[in-house]
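Working notes, beginning with the structure itself.
Proteins come first, then strands; the chains are lettered A, B, ... in the order of their sequence lines, and each starts at number 1.
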Amino acid sequence: MSLHESTTPPPAAKDYKSDLKPIWCPGCGDYGVVQAIYRALAAIGRPPHEIAFVSGIGCSSRIPGYTTAYGFNSVHGRALPIAQGIKLANPDLLVLVAGGDGDGFSIGGGHVAHAVRRNVDLTYIVMDNQIYGLTKGQLSPTSRPGLRTASSPFGSLEEPVNPLLYVLGYGAGFVAQGTPADMAGLAAVIEEAIRHPGFAFVNVQSPCVTFGHAEWQLRQHKAALQSLESLGHDAGDRLKAMALAQEYGSKLYTGVFYRDPLPPPTYEQKVRERQEALGSSALPRDRILETFVPGHTARRDGPGSGSPPNLGQEEQVGVSPPATGQPAGPL
Amino acid sequence: MALAPALLLLPSMNSELIVGMAGSGGDGVVSTGELLLTSAALEGYHGILTKSFGPQIRGGESSCRLRLSTRPVPSSGGTLDLALALNWDDFLKFGAELPVGGRTTVIYDSATGVAPDRLPLVGVVPAETIPAPITELARRFAGTDKAKNAVVLGMLAGWLGLGQESLSKALRRKLAKKGDEVAGANERAFAAGLGYAVANPLRVPRTLAPAVDGGAAKLLADGNEMCAAAALFAGCRFFSGYPITPSTEIMQFFAREIWKYGGTMLQAEDEIAGVGAAVGASFAGLKAMTATSGPGMSLKTEMLGLATIAELPLVCVNVQRGGPSTGMPTKSEQADLFQAVFSAHGDAPRPVLAPTSVADTFAVTVHAFNIAERYQTPVIVLSDQEIAQRKETVEPFDTGGFAVEERCRPHPLELEGYERFRLTESGVSPISEPGMPGGNYLASGIEHNEAGAPTASGEIHAQMNEKRLRKLEPLKQRRDLFRIEGDPHAPFALVSWGSTAGVALEALPLARAAGLRVKVLIPSLLYPVAEGVYERFFASVQAGFVVEQSHQGQLYRLLRMFTDVPRGVRSFARSGANPISPAELVEALRQAARELQRRQVPELEPVE
């Protein structure tokens, strides 16, 4: 599907801002995040109608509605599968995904690994506030040990998830962190994440003013943050990135932890290659039933038949099309 | 071959045969059934091959039932004409799935050592019992037990009178990859089996009469493949799902075919992601589908609610198996109707359709896409293991008779001040998609106003609920989603759906022959319940049955919830893997007729 060429002047940050008034508490870090997103999108310049912005459920997941993009405020924890469906359906779109730490690393935690390893070209922004704000202050998967909350009145008994290490561990090609306490830096990493071809992850330390730690707000962020660039970190080195990511929870590093110097092809690029390789072998729609003529060759057109060209480098395991559930007899 | 052409005209020939075979997983009885059916389809016969397995992945017991006929067959039929046991332990595990009666010819491997008068069949004396030297011939002519099924194939080719040429050719093709030695050994085993059948004709001949309609070749498909092919025909260009028995072959068909049509298939990390990616693809403008079975359906229900409130077209196939929970994954059941209709939280109506055969799976799947796109709603297709995994001959038909619908997208002029969820008279609002300038909106699981902005207004919520319900109303007027057969004024009736519908249809002529005035209603559309259709159908009805494969009789209860079901109409339902036969239905109708007569006798007494 080709998109319409925009003939209007390049959009400004305000063109990405919708008329909806955020429901966030005054002073919420997420105000800064949405501002940074407006700026990053303006720097990239794609018109809002070419952007799909997907979220799950949570305070931060309200964010697509505050932009003029095509938004999808879906169900809790499922933004990534929906976003992958969108991107695969229309690879020309710019697809953003956002949500909180609970949405991404608790209820939706099972999807992150697969989004990373598929390497669909998405930008995933997690607003990490270490608390469940929308339900009024329970433990989140990134809450620090011992934290007293509505659901842990005697203190948390759990160790937190480390989102940076989690995503690096599964092999993400772009991993960064930011805080609204450094707007310019945050907008820059979001922009770079969007430009990265493949799955890109930005963890944003976005404090909750209402239920979060009173001593870990934007003011403290400002004082604590250390830019990775200023430390002379080589973002092309995955192991060093992982070593720095270990400090999650004790140090506030900002900037790019890891950027794959040679990004591999994205999932949708590989899909397109396969579509092009096989496109000529389709039965016309009105002759589709011919696939059921006993002994019809089209039925054997799976990998292994030798007919489709260059199906790729992948090893073929157990492909004896079109086998059904029955274990093969000796015939 | 011993059967001379003259013999083919004998009146003792059968217009129809039901063959049941069972053995251990490695015995290849299913492959034998498939080869027989393929050969029969090419010769123009109609047929259905149902397969049934134990829960094991390899080994364990496996069986198949093959019904071959010169006429179309609506179901896999009842009692076997010919039962073939490679060993009795495995055969008996299938119980009512392989019923042996007094008219059955029983053939079994003499290597089992069971005496013909000591068969482990309680209370049945078969018409004829033949201990056949299956293992012996396999060893002698192929040097291996593995050729037992080639021996069986040869025997059946002889006794059924099916083309040995095509069978032996098919066997050779199937074994081509295994090398000349294996192929040669199997051919010798086949010839030995054939020779045995020729030398030992059955007392009750089981020869199949020649195919009637000039022997025109039939198509051959199972319900899962047919479902996927129909989806491609209907324009489906995105499939995502997760492997689950017995629906996996739908995904596998897409994995082979969808790329050729410029589409994409994703094997998701779980059932939720499977439906989620399909919801995303639909939001992005593609026709999308997911498929699963009972437990997977449970996992998908939250996402289906999202598709309902976000008004996104989506087709979700549930190939039903025995439940609840893991239940009986390899057996058929129709007990997910309540789940399909009621599993959503909130007021979330969604159309539910069910196919009745492999051929009908094409029509129903195309309808499902058209309904999903037209009304911007998830549609559930309730297939079942029986239809999904049985191989069936399909009379070639013209797909040109099926219209393919597209969702109503906004005209460029409508994009001025566009409101995605505009309250229209029909309840359907034009739907934009990313990439369309001016169509930008927020799709959401949260209740929203016409523009798509989140709302907590009770008034708007009620309006939107009403919109989402109202838009499905026209479905109830769709006559093409209901099949009615038999005498329109009949006092007796059967209502059935899914794979058991074929049994009801088959019972109809039998009941008529027994002197009963009966009609049958087969709904493809199970929900929303089309009250008017049932009202008219039941108007003449005094007694009858709602026939289905579930313990509670879910369609019966659903109908009673939404329509007036005559008191004489009762549920005829039983749990999965306990097949219902046409003869049982006729008997039940006869009984109902007797009861009715008895009740009506007082009215016939002269008054005063």
Side-chain angles (χ1 to χ4, degrees), chain A residues 1 3-4 20 47-52 54 57 62 64-65 68-75 78 80-86 88-90 92-93 110-111 113-114 271 274-275 277-279 281-283 285-286 288-289 291-295 301-302 321-322 324-331, chain B residues 25-28 30-31 38 41-42 51 57-58 62 146 149 174-175 219-221 229 232-233 238 240 245-246 249 256 259-262 264 266 268-270 272-273 276-281 283-286 302-303 306 389 394 396 399-400 434-437 440 442-446 453-454:
Chain A
M1 186 180 311
L3 297 170
H4 302 262
L20 268 187
H49 70 267
E50 294 178 7
I51 301 167
V54 190
I57 292 294
R62 289 291 192 122
T68 50
Y70 275 87
F72 200 152
N73 184 181
S74 71
V75 286
R78 315 300 167 202
L80 282 171
I82 291 174
Q84 290 171 75
I86 294 171
L88 293 177
N90 183 355
D92 294 337
L93 298 172
H111 301 302
H114 305 282
V271 164
R274 180 167 296 179
Q275 289 166 339
L278 297 172
S281 57
L283 278 171
R285 216 187 54 137
D286 57 342
I288 208 153
L289 292 177
T291 190
F292 299 126
V293 172
D301 261 5
T324 47
Q326 159 68 353
L331 276 183
Chain B
D27 287 341
V30 174
S31 303
T38 305
L42 287 169
K51 312 166 198 175
I57 303 305
R58 282 210 175 258
S62 74
K146 287 186 175 177
N149 54 349
K174 185 144 192 169
L175 293 168
L219 305 174
L220 204 51
L232 284 175
F233 173 84
F238 190 88
S240 52
T245 303
E249 296 85 10
R256 208 169 64 232
W259 320 101
K260 301 177 186 172
Y261 296 85
T264 303
L266 182 76
E269 59 269 26
D270 58 35
I272 299 171
V279 166
F283 171 73
L286 290 192
E302 185 192 18
M303 201 65 84
L306 173 66
Q389 294 193 326
V394 173
T399 54
M436 207 178 265
N440 312 37
L442 178 70
S444 64
I446 201 165

Open item on the list: Do M303(B) and I82(A) have side chains that approach each other closer than 4.5 Å (heavy atoms only, starting at C-beta)?
Closed with: yes
TODO: Kindly give the heavy-atom pair with the smallest separation between R285(A) and L232(B), and that separation in Å.
DONE: CG-O, 4.4 Å
Open item on the list: Looking at every heavy atom in both L20(A) and P454(B), which two are closest together, and how far apart are they?
Closed with: CD1-CD, 3.8 Å
Task: Nearest atoms (heavy-atom pairs only) where L93(A) meets P434(B) - done: CD1-CB, 3.6 Å
TODO: Heavy-atom distances under 4.5 Å only: say whether L289(A) touches chain B with side chain, backbone, both or neither.
DONE: both
Task: Contacting region of L88(A) [heavy-atom separation from chain B under 4.5 Å] - done: both
Open item on the list: With chain B as the partner, which of N73(A), V271(A), V54(A) has the greatest number of non-hydrogen pairs under 4.5 Å?
Closed with: N73(A)
Open item on the list: Which heavy atom of F283(B) sits nearest to which heavy atom of A52(A), and what is that distance?
Closed with: CE2-CB, 4.5 Å
TODO: Counting only heavy atoms closer than 4.5 Å, note whether S444(B) contacts chain A via side chain, backbone, both or neither.
DONE: both
Open item on the list: If I take atom CZ from residue F233(B) and atom CG from residue L283(A), how far apart are they, to the nearest 0.5 angstrom?
Closed with: 13.0 Å
- [ ] Identify which of G276(B), A277(B), A443(B), A281(B) forms the greatest number of heavy-atom pairs closer than 4.5 Å to chain A.
- [x] A443(B)
Task: Flag side-chain contact, heavy atom, 4.5 Å: R62(A) against I446(B) - done: yes
Open item on the list: Heavy-atom pairs under 4.5 Å with chain A: which of L219(B), L442(B), N440(B) has the most?
Closed with: N440(B)
Open item on the list: Quick check for you: to the nearest 0.5 Å, what is the distance between R256(B) atom CZ and T291(A) atom OG1?
Closed with: 6.0 Å
Task: Among A229(B), G262(B), P396(B), residue most engaged with chain A (heavy-atom pairs, under 4.5 Å) - done: G262(B)
Open item on the list: Between Y70(A) and A284(B) (side chain of the first, backbone of the second, donor and acceptor by atom type, cut-off under 3.5 Å), is there such a pair?
Closed with: no
Open item on the list: If I compare all heavy atoms of L278(A) with all of K260(B), which pair ends up nearest, and what's the gap?
Closed with: O-CG, 3.6 Å
- [ ] With rounding to the nearest 0.5 Å, note down the distance linking CD in Q84(A) to OG1 in T264(B).
- [x] 12.5 Å
